[in-house]
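Per chain, numbering begins at 1; letters A, B, ... match sequence-line order. Computation of the quantities below employed the complete heavy-atom set of this structure, encompassing side-chain atoms and omitting hydrogens, waters and symmetry-equivalent molecules.
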2 protein chains.
Amino acid sequence: MLSNSSKYAVKAVLYLAIHSHKNKKIMAKDIAESINVPQAYLAKLLQELSREEIITSVKGPKGGFYLSDDNRNFSLMDVVNVIDGDKRLNSCVLSLEKCNAEKPCPLHNLISPSKSVFMESLQKKKIKYFSKQIEEGSAFLPL
Amino acid sequence: MLSNSSKYAVKAVLYLAIHSHKNKKIMAKDIAESINVPQAYLAKLLQELSREEIITSVKGPKGGFYLSDDNRNFSLMDVVNVIDGDKRLNSCVLSLEKCNAEKPCPLHNLISPSKSVFMESLQKKKIKYFSKQIEEGSAFLPL
DNA sequence: TCTTAAATATGATTTTTATCATGTTTTAAC
DNA sequence: GTTAAAACATGATAAAAATCATATTTAAGA
Ligand code: FES
Ligand code: FES
């Protein structure tokens, strides 16, 4: 479904959504510790996200990562696409070339409706939505 | 979601469900070719399934694999469990220890209902069900 | 009984994914 | 300007997954 890498990326972005701010940057090391992900590995992922402007970074002392208001309007699908590419989630459960309703694999009807719903939410709901969920206590983040 | 290996295994089992019979055994090599999976790799998977008695094998000349009536009463979940173990499908999308409703991750509510449905069907529907689908032309198998 | 065709067992290799390490650039603070 | 703290870039290593290779066992058929 999601690679380990994009799981890490999603967790990091959500962490930033809750804890960071334009004038409260957080360094890679601290994020990594908080979300239980290897530091150097996460650093690399954060760089990719920053390069694609999904998150914002500031170099030098007092620097770090944070989510701007613009950043918060991205969807988690955007995060996943940066890390995993856009084919992974779209593929058939049995990897039969393309997942399509015209030539469905035997599992297609079992999973496709629900998966579509999932992917649409992931696409449509902005990062803001999820941070609100967490702040309201209806969803949880740490390990 | 599913490992490559269990995708192969599922495809092979479904192939056997449609094409094999007590007196129509099929060798690993032929199955592999038909479902587009590397021969030696599939052979190994078939051996695991055979060892767990999800499929039936006969050694020696004129031997091969087939699905007995008993075999056809297994579910695809059984197939997946033999290959991937039973934790993989049960895990949280974000890999937050355990997926449970009490402490749901931010994606839990998005995916869990649909995933439950999927897993239940995978558990409850027998191999027979899927082969019927394919025979009726409402689902497709090859590449 | 001998040969041969199949599964089975075991392990080696390759590829992919995840992880670690090290040097370079930027910039705030002194 | 010098120092130091951060991101950034690049590549090396390790672990896991997928793939390949080879020798052994079983049983049909001549
Ligand atoms: S064709 Fe397999 S999931 Fe859609
Ligand atoms: S807790 Fe993450 S999917 Fe259930």
Side-chain angles (χ1 to χ4, degrees), chain A residues 1-12 16 20 23-33 35-68 71 80 82-85 87-88 91 94-95, chain B residues 1-12 16 20 23-33 35-68 71 80 82-85 87-88 91 94-95:
Chain A
M1 193 79 147
L2 301 181
S3 71
N4 233 321
S5 297
S6 59
K7 287 175 188 177
Y8 291 167
V10 166
K11 284 167 72 173
L16 284 173
S20 82
N23 35 38
K24 188 183 171 202
K25 300 161 197 107
I26 309 181
M27 1 181 234
K29 182 169 153 293
D30 292 336
I31 303 172
E33 259 170 34
I35 66 175
N36 269 308
V37 163
Q39 293 184 17
Y41 193 29
L42 181 67
K44 202 177 247 183
L45 297 171
L46 291 172
Q47 283 161 36
E48 289 183 57
L49 293 172
S50 161
R51 208 179 305 130
E52 301 294 328
E53 304 185 319
I54 304 276
I55 68 179
T56 306
S57 74
V58 176
K59 279 183 169 184
K62 294 284 172 184
F65 297 91
Y66 70 95
L67 255 55
S68 68
N71 292 151
V80 171
V82 165
I83 306 296
D84 281 348
K87 282 171 303 184
R88 183 160 182 148
S91 65
L94 292 182
S95 305
Chain B
M1 194 80 149
L2 300 182
S3 71
N4 232 323
S5 298
S6 60
K7 288 177 188 179
Y8 291 168
V10 166
K11 284 166 71 173
L16 283 173
S20 82
N23 36 37
K24 188 182 170 200
K25 300 162 197 104
I26 309 182
M27 10 181 227
K29 182 169 154 293
D30 292 336
I31 303 172
E33 259 171 32
I35 65 176
N36 269 308
V37 163
Q39 294 184 17
Y41 193 28
L42 181 67
K44 201 176 247 184
L45 297 172
L46 290 172
Q47 282 162 35
E48 290 183 57
L49 294 172
S50 161
R51 207 178 308 130
E52 302 294 327
E53 303 185 320
I54 304 277
I55 68 179
T56 305
S57 74
V58 176
K59 278 182 167 186
K62 293 283 172 186
F65 297 90
Y66 70 96
L67 256 55
S68 69
N71 292 151
V80 170
V82 166
I83 306 296
D84 281 348
K87 284 170 305 184
R88 183 161 182 146
S91 64
L94 292 182
S95 305

Show each protein N/O and nucleotides 11-16 of chain C N/O combination with a separation under 3.5 Å, one pair to a line.
unit_1 : atom_1 : unit_2  : atom_2 : d
C:dG11 : O6     : B:Lys44 : NZ     : 2.2

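- Remark: B:Asn4, B:Ser5, B:Tyr8 in residues 2-10 of chain B come within less than 4.0 Å of DNA chain D through at least one heavy atom.
- Side chain of B:Ala28, nearest nucleotide from C:dA7, C:dC20, D:dA7: C:dA7.
- By the side chain to side chain donor-acceptor pair (under 3.5 Å) test, B:Ser68 pairs with B:Asn71, sequence neighbours left out.
- For A:Ala9, the side-chain contact (heavy atoms from CB on, under 4.5 Å) partners at least two apart in sequence or on another chain are A:Leu49, A:Val79, A:Ile83.
- Taking every heavy atom of residues 45-57 of chain A and every atom of DNA chain D, pairs under 4.0 Å involve A:Gln47, A:Ser50, A:Arg51, A:Ser57, by number.
- Residue B:Gln39 contributes atom CD, which lies 12 Å from atom P of C:dA6 at whole-angstrom precision.
- Atom NZ in A:Lys25 sits 13.0 Å away from atom CG in A:Leu16 (nearest 0.5 Å).
- Among residues at least two apart or in separate chains, there is no ring pair (Phe, Tyr, Trp, His ring centres under 6.0 Å) pair with a member in residues 44-64 of chain A.
- For the pair A:Lys29 NZ and D:dA6 P, the interatomic distance rounds to 8 Å; values are reported in whole Å.
- Every stem involving DNA chain D, taken as at least 3 paired positions in a row under the Watson-Crick or G-U wobble test at 3.5 Å, is listed here: C:1-30 with D:1-30.
- Place A:Tyr41 and B:Phe65 on DNA chain C by their nearest nucleotides, and B:Phe65 ends up nearer the 5' end.
- Atom CD of residue B:Gln39 and atom CE of residue B:Met27 lie 9.0 Å apart, to the nearest 0.5 angstrom.
- Counting any heavy atom pair closer than 4.0 Å across all strands shown, A:Ala43 reaches no nucleic acid atom.
- One distance of note links CG of B:Asp30 with CD1 of B:Ile35; it measures 11.5 Å at 0.5 Å rounding.
- Residues in residues 43-53 of chain A take part in these side chain to side chain donor-acceptor pair (under 3.5 Å) pairs, two or more places apart or across chains: A:Ser50-A:Ser57.
- Taking atom NZ on B:Lys11 and atom C1' on D:dA18, their separation rounds to 14 Å, with Å as the unit.
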Check nucleotides 24-29 of chain D for protein N or O atoms closer than 3.5 Å to its own N or O atoms and list the pairs.
unit_1 : atom_1 : unit_2  : atom_2 : d
D:dT26 : O4'    : B:Lys59 : NZ     : 3.4

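- In this structure, B:Ile55 CD1 and B:Leu46 CG are separated by 4.5 Å, a value rounded to the nearest 0.5 Å.
- Here the P atom of nucleotide C:dT8 and the CG atom of B:Leu42 are 12 Å apart, to the nearest Å.
- Separating the CD1 atom of A:Ile26 from the P atom of D:dA7 is a distance of 11 Å, rounded to the nearest angstrom.
- Going from atom OG of A:Ser6 over to atom CE of A:Met1 covers 10.5 Å, rounded to the nearest 0.5 Å.
- With sequence neighbours left out, A:Ser20 forms a side chain to side chain donor-acceptor pair (under 3.5 Å) with no residue at all.
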Contacts under 3.5 angstrom, residues 58-67 of chain B side chains, donor-acceptor by atom type, not counting sequence neighbours:
none

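- Mapping B:Pro38 and B:Arg88 onto DNA chain D by nearest heavy atom places B:Arg88 at the nucleotide closer to the 5' end.
- Just one residue in the list B:Leu45, B:Asn4, B:Ile31, B:Leu42 forms a side chain to side chain contact (heavy atoms under 4.5 Å, CB included) with B:Val37, and that residue is B:Leu42.
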